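Letters go in sequence order (proteins before strands), and every chain restarts at 1. Nothing here was measured: the structure is a model prediction, and the numbers come from that model.
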Amino acid sequence: MSDTSDNDRYNIRATESKWQKIWNDNNAFKTDDDSDKEPFYVLEMFPYPSGAIHVGHVRNYTLGDVVARYKRAKGYNVLHPMGWDAFGLPAENAAIERGAQPATWTYENIAVMRGQLKLMGLSLDWDREIATCHPDYFKHEQAMFLDFLKNGLAYQKESTVNWDPVENTVLANEQVVDGKGWRSGAAVERKNLKQWFLKTTQFADELLSELDNMPDWPERVKTMQKHWIGKSEGITFSFDISGPDLASDEKLPVYTTRIDTIMGTSFAVLAPEHPLSLKLAETDKDAEAFLEECSTMGTSEEAIERAEKKGFKTPYTVRHPFTNEDMPVYIGNFVIYTYGTGAVKSAPAHDERDFDFATKYGLPIRPVITGAGFEDGKPFTSKGTLVNSDEWDGLTSDEAITKIIACMEKMGIGEGQTNYRLRDWGVSRQRYWGCPIPVVYRTSDGACVPVSKDQLPITLPDDVDFSQHGNPLDNHPTWKHTTCPETGEPAIRETDTFDTFFESSWYFARYTDPRNENKPFEASKANKWLPVDQYIGGVEHAVMHLLYARFFTRAMKHCGYLDIKEPFKGLYTQGMVNHRAYKNADDKWVFPSDIIKNDDGSLSEKGSNLKVTAGAVIKMSKSKKNVIDPTDIFESYGADAARLFILSDSPPDRDLEWSEAGLDGAWRFINKLYRSVQDIVDKPVDNDVDNELARKAHQTISGISDDIENFHYNKSVARIRELYNMAEQVGMDDDAYTYALQTIVQLLSPIVPHLCEELWENLGHKTPLYLSDWPTFNEAYLIDENVTIGVQINGKVRGTITVPTDIDKDTLEKEAMNDDHIAKYLNGKTVRKIIAIPGKIVNIVVSDAA
RNA sequence: GGCCCCGUGGCGGAAUUGGUAGACGCAAACGACUUAAAAUCGUUCGCCCUACGGGCGUGCCGGUUCAAGUCCGGCCGGGGCUACCA
């Protein structure tokens, strides 16, 4: 009988703070760079200091902490740091809303959130903590940017940008989702601005091909990046183009991946922004009106855009390179200026868009490819066999592509070409709370001059007025006025700041040498620790942060900062945390913590007593009030219970439904285990017993290592509970009971660290668990003496037999046939065949006796 | 529209990768302890039937195999990414 008096009860809060203090006082998780142990770097995506941690953070950091603690116990020298992705717009909004300076607001949030994270008992090296908004961090970033400039990896150009009218800033292509700003949700506008770019396209091919050498990344993330980089191979060739105001030798280059349809080409289409379109609009009012129409359509109405292809017939004509036919040239709203050459050749029989367009404007549709599924009167877009194509008739599309490219290259009118969808990364933001871009513009001639490294850091002014419209740095009375580092003449600072993804593109490297004052990090340290062995975070960063960081690492290598090119060897993407949302009778959302369960099972709201109805399980969000404050959970259940529940319920890559009942279950198990261990604290542990329970324990140790390495934490927990259940089943008198329980304490320690340290100490161990090795198992005990296997008749399981594990095939066959239950089934049947596989199955194939 | 992933009890999910489907947990029901409740412990828990037995069963239809949740083909349903990239 368990004694459940208060004295004997597990005191979560005392125990958790006791161990947190011990870990802290002993620098338990401080990483020693000089250790001989094999290095292992585990990192979770660092948080934005928004003010409080949420359950998603708890999930993320728990996942990483299990890896860190497990690897440490396995003998690795583990680097597990934490820091703050501290620049960003919410700080400015807070400044506008409540007058706080962004820096103050941010550092206060960091202090609060650091305290919250410490309640989780994470095995972090807090000495390496960084905040990206601190000059000690971003001064290195500014220096790095200057090196990028020097190496041609950063440049400035005027370009059409995605303008977010709510955030009042430019967005990168990656930050535009469905034509809307990724944070604000506002429809993105087009604007022409001078912008700084990082040359991501320089490594486009590497960024793509290296994905094939990254087995420890999720397939779907790799697929997303592949699509985003969007490599295609084709040819750029030039039409002779003629028309009013054109030179006699004017050319129109177009890019196509389907040059095999060249003989079916019957017109060409220009993008509205194409120079020839613009030129025409200067003199042609109708053309001008059409371009106007195209630009107002915007990007947000893709559906409408897709539905209707519109064109404007220009007075230009192009000459077909092989038939010499003169073909019309249109301006089309569906041609993308920034891809390829901004103009296309159209073979309407073999392209959906060209087909729609040709149908609408009555242009010739000439099939030149045929194959399975070809239907007259419909576009046939697959590759096939060429017809109506003179000398290329009968070739497959791929053969024809090779030959026609060679032919056009010989004629000197075209060249095989690889194109990418990936654009260079625009990093300028018209915001205050970001890293200043270290260049100035000389007043006398407007020249853009990089600041010299010894003038870094360029820091932000801390007396900024947010009440005015526009970029606060630009509005500041004095900040931007400076002198040219080359000539000493008056100059104006760049008032744009970096996209905040800039900071997160290299922070993982800074952690390897976080207090280095002279450079971002010592190359030897970065090379020792990087790439990050295990990186963990949300899948929403698949094409933003994760691609930028990959580019940045290559850029740093290019500039000699380090020798590695991929930042993250292993990547794990966790699912979201969902929770049921509740509404009261007034149709208002209700916090779960404000709900009372009535005796009849119905729900009502605390205070108002209104009836509450349960809605769908959806992503936690403040607006739906279906949020849980992790610190409430730590208070009432403890961090251990929260960690255990989060890991035991769902596989970590799937969405998790937060449930109070599930948390209760975790809490119950923690208390059961605590009580069970209290009953054996004085008993000796014999770790070399050979019985059923001992074997189960050895099997559990073996199985769990596999589970943890593969992030199957829910299975790990299930295994541990199985072992616990079996131990309780056989009882305290079993020779292996104490061994089994002690093993559970060890195996559970990465997941439930405070409780396990306490129990380990209760069991009389002088060395704390965080300094102890992972338990080992004896191979010989992994195999049970007997095994129960199923016996099938005609593929249907009709019974089971328990036989020695090492039984041979013939004996197994006999055992199965002799089993009473089975024999009954065989009565009156003819046995045709017996499949007997030791350790797995017996299947007896029978037919009715003749 | 294109590409990819996924459909297993009331629920979250297991199933050694073709070999006893439903581990482990949650919820539920019943029982024990208790003046009572909580806590704890025990039993039951895929569906159906004429229940110590038997039939059916992993979205649906078909196929391969001694054997299919697992492999193949076709549907249906859900999710993700992408959205005129020539």
Undergrad: Does the B/rC84 base have a donor-acceptor partner in the side chain of A/Lys309 within less than 3.5 Å?
TA: yes
Undergrad: In the structure shown, which nucleotide is the Watson-Crick or G-U wobble counterpart of B/rG77, with both distances under 3.5 Å?
TA: B/rC6
Undergrad: Are A/Tyr337 and A/Tyr339 close enough that their ring centres sit under 6.0 Å apart?
TA: no
Undergrad: Can you tell me how far the OH atom of A/Tyr713 sits from the CG atom of A/Asp707, to the nearest 0.5 Å?
TA: 10.0 Å
Undergrad: Quick check on B/rA86: is either OP1 or OP2 less than 4.0 Å from any side-chain nitrogen or oxygen of A/Tyr339?
TA: yes
Undergrad: Do we see a donor-acceptor contact under 3.5 Å between the side chains of A/Ser232 and A/Tyr255?
TA: yes
Undergrad: Establish, with yes or no, whether the OP1 or OP2 oxygen of B/rA67 is under 4.0 angstrom from a side-chain nitrogen or oxygen of A/Lys833.
TA: no
Undergrad: What residues in residues 644-653 of chain A put a non-hydrogen atom under 4.0 Å from any atom of RNA chain B?
TA: A/Asp649, A/Ser650, A/Pro651
Undergrad: Ignoring hydrogens and angles, answer whether the base of B/rA86 and the side-chain atoms of A/Arg258 contain a donor-acceptor pair closer than 3.5 Å.
TA: no
Undergrad: So which nucleotide does B/rC71 pair with, by the Watson-Crick or G-U wobble rule with both distances under 3.5 Å?
TA: B/rG63
Undergrad: So, does A/Ser346 get its side chain near the phosphate of B/rA86, meaning an N or O under 4.0 Å from OP1 or OP2?
TA: no
Undergrad: Say you pick atom P in B/rC11 and the same atom in B/rA83; how far apart are they, in whole Å?
TA: 36 Å
Undergrad: Looking only at side-chain N and O atoms, does A/Arg353 come under 4.0 Å of OP1 or OP2 in B/rC85?
TA: yes
Undergrad: Using a heavy-atom cut-off of under 4.0 Å over every strand shown, decide if A/Glu657 touches base, sugar-phosphate, or nothing.
TA: nothing
Undergrad: If pairing requires Watson-Crick or G-U wobble contacts with both distances under 3.5 Å, which nucleotide is the partner of B/rA83?
TA: none
Undergrad: Sort out the partner of B/rU40 for me: Watson-Crick or G-U wobble, both distances under 3.5 Å, none otherwise.
TA: B/rA32
Undergrad: Can you tell me if the side-chain N/O atoms of A/Arg668 get under 4.0 Å from OP1 or OP2 in B/rC26?
TA: yes
Undergrad: Between residues 696-708 of chain A and RNA chain B, which residues have a heavy-atom gap below 4.0 Å?
TA: none
Undergrad: With heavy atoms under 4.0 Å as the rule, sort A/Val845 into base, sugar-phosphate or nothing.
TA: sugar-phosphate
Undergrad: How far does the P atom of B/rU40 sit from the matching atom of B/rG55, given to the nearest Å?
TA: 41 Å
Undergrad: If the cut-off is 4.0 Å, is A/Arg654 near the phosphate of B/rA14, judged by side-chain N/O to OP1 or OP2?
TA: yes
Undergrad: What does the B/S/- profile of nucleotides 44-62 of chain B look like, 5' to 3', with a 4.0 Å heavy-atom cutoff to protein?
TA: ----------SSS------
Undergrad: Can you tell me if the side-chain N/O atoms of A/Asn725 get under 4.0 Å from OP1 or OP2 in B/rG25?
TA: yes
Undergrad: Taking the same atom, P, in B/rG25 and in B/rC6, what whole-Å distance lies between them?
TA: 28 Å
Undergrad: According to the Watson-Crick and G-U wobble definitions, with both distances under 3.5 Å, which nucleotide is paired to B/rU20?
TA: none
